[in-house]
Each structure stands twice: as structure tokens, then as C-alpha cells.
Amino acid sequence: MKFTLRKKDLQTKARTGTLFTDHGEIQTPIFMPVGTAATVKAVHQRELKEDIKAQIILGNTYHLYLRPGLDILEKAGGLHKFNGWERPILTDSGGYQVFSLSGTRKIKEEGVTFKSHIDGSKHEFTPENVMDIQRTIGADIIMAFDECTPYPCEYGYARNSMEMTHRWLTRCIDRFDSTEGKYGYRQTFFPIVQGSVYKDLRKQSAEFIAAQGREGNAIGGLSVGEPAEMMYEMTELVTDILPADKPRYLMGVGTPANILECIALGVDMFDCVMPTRNARNGMLFTSEGIINIRNEKWKDDFSPIDPAIGNYASTFYSKAYLRHLTVSKEILAAQIASIHNLAFYLWLVGQAREHIQAGDFAVWKDQMVKKVSTRL
Ligand SMILES: Nc1nc2cc3nc(NCCc4ccc(CCO)cc4)[nH]c3cc2c(=O)[nH]1
């Protein structure tokens, strides 16, 4: 999968680029809406494309494997055919979900056994079968099966967890490189850096991942409760080691401010459930700051949600109307807020791309970090 760098910022490690997949191009830096179970919750595929201008979305191996299941997905001709999203898709490998979702899991060298959060049925994920599962789902970019090391944890645990992730990585690569895609288009594999918040482990893991020479590299084990300063310190250390000519994907990040700071640290791809999950309880991200739309103060504010970001929902509907829908628990509230928050995230990374191109990203970023973090 080709990745061409366009412009490198002079004051920071920010850069713009283009990622070429068989389902279309991705302009980076990019935010990837999370579509866990074959849907970005409350949003139509047409809205994702036309209003939000999403370029790539995520799916989750753990959820899709359990429901609708591989049989249905294969009969459909893969996830793109099943949900009608014909642009790029990335699937996370289940590592994080198995560790965070099904409390009943056992980690062994062979893999992880767990109970379905849906019906309690027993399953096992191994590096090998997770590659086969992601081949069947058919995402354009598939992730290594890793252990997302919990935070906080002792140095010894972090080291053992990282070393197991590295052994699992070798098994993932052996399996991926000896199998083909099932639907006639190419799939790409990204390894994932671990090492928790220990600088020597992070360095060791980044070097091991870089040495695999894959077409893109991910940074895992962050956005798991550590302080933002620690996230930035680990990200900076790892992006100094990961090859500059390959896309860098920081998993599960983050708030608008986190994303801007990490673009400056050389990250190209981001995903987070925050814009969609927080939308459903009335937390709106806007170009002027953060709004809790349930707050009384918006009751008679008939101004548009956020006309600056230029999409239908954010311009057509007022704050007062969205507050009414939210407090009334109307279904339309989740739809409007989800489209708006995702359109804001895509607008923000689009603005970052423009300012990197214009050469004034550093100054713009510092101003924008303050603005997007303001509580309105
Ligand atoms: N395979 C793999 N996947 C990951 C996904 C992650 N997702 C995160 N963080 C998400 C944190 C997160 C969770 C929920 C919310 C909603 C709040 O309202 C926001 C952020 N960190 C992550 C780390 C890994 C990782 O090492 N390996």
C-alpha cells in the first residue's frame, strides 16, 4: 500500500501525506470514525460520505466475529459489501476489546480464551485465527493481535506483556504473509508498538516493530488512562523511531486537543469512540469549544450548532432544538449530535492538513488547542 508524503512542517514533526488503498485514497493526517459492529452508530453511510466527509472508518474484529459472524460476512462478499461502505476500512484485531470487554478472559501463550458479552459462549483468539478472521471481514488495513498493556502496571508486567505481543506479532506476520485476501483486493497489515509508559520498553518495542518493515505502524497501549503528558512523551519517543516514510497510527486517540498535539508529534492516523459516544449523551465538540447541550443556558439559543464547520446538521439545526431533542431522549438527538461531532473531528484534521501545507501549523495548533478545550 503506497504512502506518499506531501509536506513536512518546519517547526514540528507534523506532515501531510496520501495513503493509497484499493478502496480509495486517504489524505493524512486523518480521523477514522469508529464503526464497531458494521455501523458508525446513528449515522447513515451517505451522511458519513457526504456530510462528514469520512475517508476511512473502523470495524472491530471482536464484535463482527460474534455478530453478524464470519458466515454472513463471507456470504455478503466482505464487510464493504455487507454495510455498503465502499471506501477504506480498518479493523482493530480484538486485542483491546477482549481485554476491556469480556471480563471472563484467560491470556495464555497460545492466545486468549474469552466468553462472548452477547451470549456467554466460549471462544479463543490466537494470532493465527485473528489474521484469518480479518481476512474474512475484508478490511483494507488489519491490525496485529496484541495485548494492550493495562495502565498502570508494574515494569515486569509491562515487559512480559510487550515480549508476548512481539512473539504474537511474529505469528501474525507468518500467517498474514502466507494467506491471501478473499475478495480480490489487497489488504495491509500494521504491527502495534507496546511498552506501556516505560521509555526503555517503548524504545525496544518501537525498534522491533520498525524492523518488521511493514507498510504502516501503529502505537498501542496509550489512551488507557495515563496522563496526557505521558501519552505525548511516549508518542514522541516512538515516532522518532518508527520510519518517517510509513503512516503512523495512534490507536484510541483522542480528544481534539490530543489529536492536534499528536499530529505535531508526527502521527498520521487517529481513531476514537469519543465523538460518537459523547454525542449520545449531549457532549458536543465545536470550533469554539465544548458544549454540554443539556445545560439550561442553551434552552433559548437559536443559533446554529456550529456553522463554521460547513455541514448540513451543524448549520441547519439550532442549539435550542438539539437541547430539546436531547433532554427529550429523541432518537434524532443522537443522529444530529453524532453527525456534528464527527464532522467537527474531520473538519479539525482537514484544517490541520491545510495549515501544515501553508507552513503555519505550529502557531495555529497552539491557538486551536486552547479553543477546542474551552468549556462553553
Ligand atoms: N489492538 C489494540 N487496540 C487498541 C485500541 C485502543 N483504544 C484505546 N483507547 C480508547 C480510549 C477511550 C475509550 C472510551 C472513550 C469514550 C469516553 O466517553 C474515549 C477513549 N487505546 C487503545 C489501545 C489499543 C492497543 O494497544 N491495541
Side-chain angles (χ1 to χ4, degrees), residues 31-36 40-41 58-65 90-101 105 107 111-112 114 125-127 130-131 133-134 137 139 141-153 157-158 161-162 164-166 168-169 172 189-198 201-202 205-206 209 214 216-228 230-232 234-235 238 242 248-259 262 267 269-285 290 292 334 337-338 341-342 345:
F31 178 78
M32 306 183 283
V34 175
T36 300
V40 175
K41 295 186 187 322
L58 251 70
N60 255 300
T61 298
Y62 170 83
H63 293 83
L64 293 165
Y65 162 81
L90 180 151
T91 41
D92 194 357
S93 57
Y96 181 79
Q97 283 70 34
V98 161
F99 296 111
S100 60
L101 256 178
R105 74 196 184 291
I107 309 169
V112 182
F114 61 93
F125 274 176
T126 66
V130 165
M131 292 298 105
I133 293 167
Q134 292 186 86
I137 294 170
I141 300 173
I142 74 169
M143 302 310 293
F145 186 62
D146 62 332
E147 179 183 10
C148 174
T149 311
Y151 174 84
C153 75
Y157 186 95
S161 172
M162 177 196 76
M164 186 171 68
T165 285
H166 290 178
W168 284 359
L169 174 56
C172 287
F189 170 86
F190 280 16
I192 303 171
V193 176
Q194 292 293 340
S196 186
V197 293
Y198 299 101
L201 298 183
R202 277 283 167 186
S205 191
I209 266 65
R214 306 307 296 197
N217 298 296
I219 304 170
L222 292 175
S223 189
V224 286
E226 78 285 357
M230 232 178 227
M231 177 203 291
Y232 301 152
M234 293 302 116
T235 299
V238 170
L242 292 181
R248 303 174 183 134
Y249 164 29
L250 179 53
M251 306 185 84
V253 174
T255 66
N258 294 155
I259 289 173
C262 292
V267 176
M269 300 164 73
F270 300 88
D271 87 276
C272 193
V273 294
M274 198 168 267
T276 36
R277 190 172 300 175
N278 290 23
R280 296 195 295 278
N281 63 36
M283 180 176 169
L284 307 178
F285 296 98
I290 297 168
N292 174 354
S338 299
N341 275 358
L342 288 172
Y345 266 64

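What you see is a predicted model; the values in this text were computed from it and never measured. Ligands are counted one by one from 1 in listed order, and the atoms in each one are counted from 1 as well.
- Residue-ligand proximity, C148 to ligand 1, at heavy-atom distances under 4.0 Å covers atoms 23 (C), 24 (C), 25 (C), 26 (O).
- The closest protein non-hydrogen atom to atom 9 (N) of ligand 1 is S223 O, 2.9 Å.
- With a heavy-atom cut-off of 4.0 Å, M143 does not touch ligand 1 at all.
- The two atoms that bring S338 and R280 nearest to each other are OG-CG, 4.3 Å, heavy atoms only.
- With rounding to the nearest 0.5 angstrom, the CE atom of M251 is 10.0 Å from the CZ atom of F190.
- Scanning all protein heavy atoms for the shortest distance to atom 4 (C) of ligand 1 gives Y96 CB, 3.4 Å.
- Under 4.0 Å from ligand 1, not a single heavy atom of V253 appears.
- Heavy-atom minimum distance, T149 versus A158: CG2-CA, 4.1 Å.
- Short contacts between ligand 1 and C272, defined as distances under 4.0 Å to a heavy atom of the residue, involve ligand atoms 19 (C), 20 (C).
- Atom-to-atom distance recorded for L242:CG and R248:CZ is 6.0 Å, nearest 0.5 angstrom.
- Residue-level proximity to ligand 1 for S93 is carried by the side chain, the only part with a heavy atom below 4.0 angstrom.
- Of the protein's non-hydrogen atoms, D146 OD2, 2.8 Å is the one closest to atom 27 (N) of ligand 1.
- A donor-acceptor distance shorter than 3.5 angstrom exists from the side chain of E226 to the backbone of V224, with no hydrogens or angles considered.
- Shortest contact from atom 17 (C) of ligand 1 to any protein heavy atom: N278 OD1, 3.7 Å.
- Below 30°, between 30° and 60°, or above 60°: for F145 and W168 the angle between ring planes is below 30°, a parallel geometry.
- Contact of the L90 side chain with the Y249 side chain is registered, since non-hydrogen atoms from C-beta on lie closer than 4.5 Å.
- Across every non-hydrogen atom of I259 and Y345, the tightest pair is CD1-CE2, 3.5 Å.
- At a 3.5 angstrom cut-off on N or O pairs, L222 counts as close to ligand 1.
- In terms of modelled atom types and a separation under 3.5 Å, the side chain of R202 and the main chain of S196 share a donor-acceptor contact.
- Under 4.0 angstrom from ligand 1, there are no non-hydrogen atoms of A218.
- Within the listing of ligand 1, atoms 25 (C), 26 (O) sit less than 4.0 angstrom from a heavy atom of G220.
- Where the criterion is an N or O separation shorter than 3.5 Å, residue side chain and backbone included, G221 meets it with respect to ligand 1.
- Of all the heavy atoms of R277, the ones lying under 4.0 Å from any atom of ligand 1 belong exclusively to the side chain.
- Of the possible donor and acceptor atoms, none in the side chain of T61 sits under 3.5 Å from a partner among the backbone N and O of G94.
- Protein heavy atom closest to atom 7 (N) of ligand 1, with residue, atom name and distance, is G252 CA, 3.5 Å.
- In this structure, Q97 has no heavy atom closer than 4.0 Å to ligand 1.
- When all heavy atoms of A139 and T91 are compared, the closest pair comes out as CB-OG1, 3.3 Å.
- Comparing D271, V273, V98, D92 by heavy-atom distance to atom 1 (N) of ligand 1, the nearest is D92.
- No donor-acceptor pair closer than 3.5 Å links the side chain of T276 to the backbone N or O of K41.
- Applying the 4.0 Å criterion to heavy atoms of I192 picks out, from ligand 1, the atoms 1 (N).
- Neither the backbone nor the side chain of T149 comes within 4.0 Å of ligand 1, counting heavy atoms alone.
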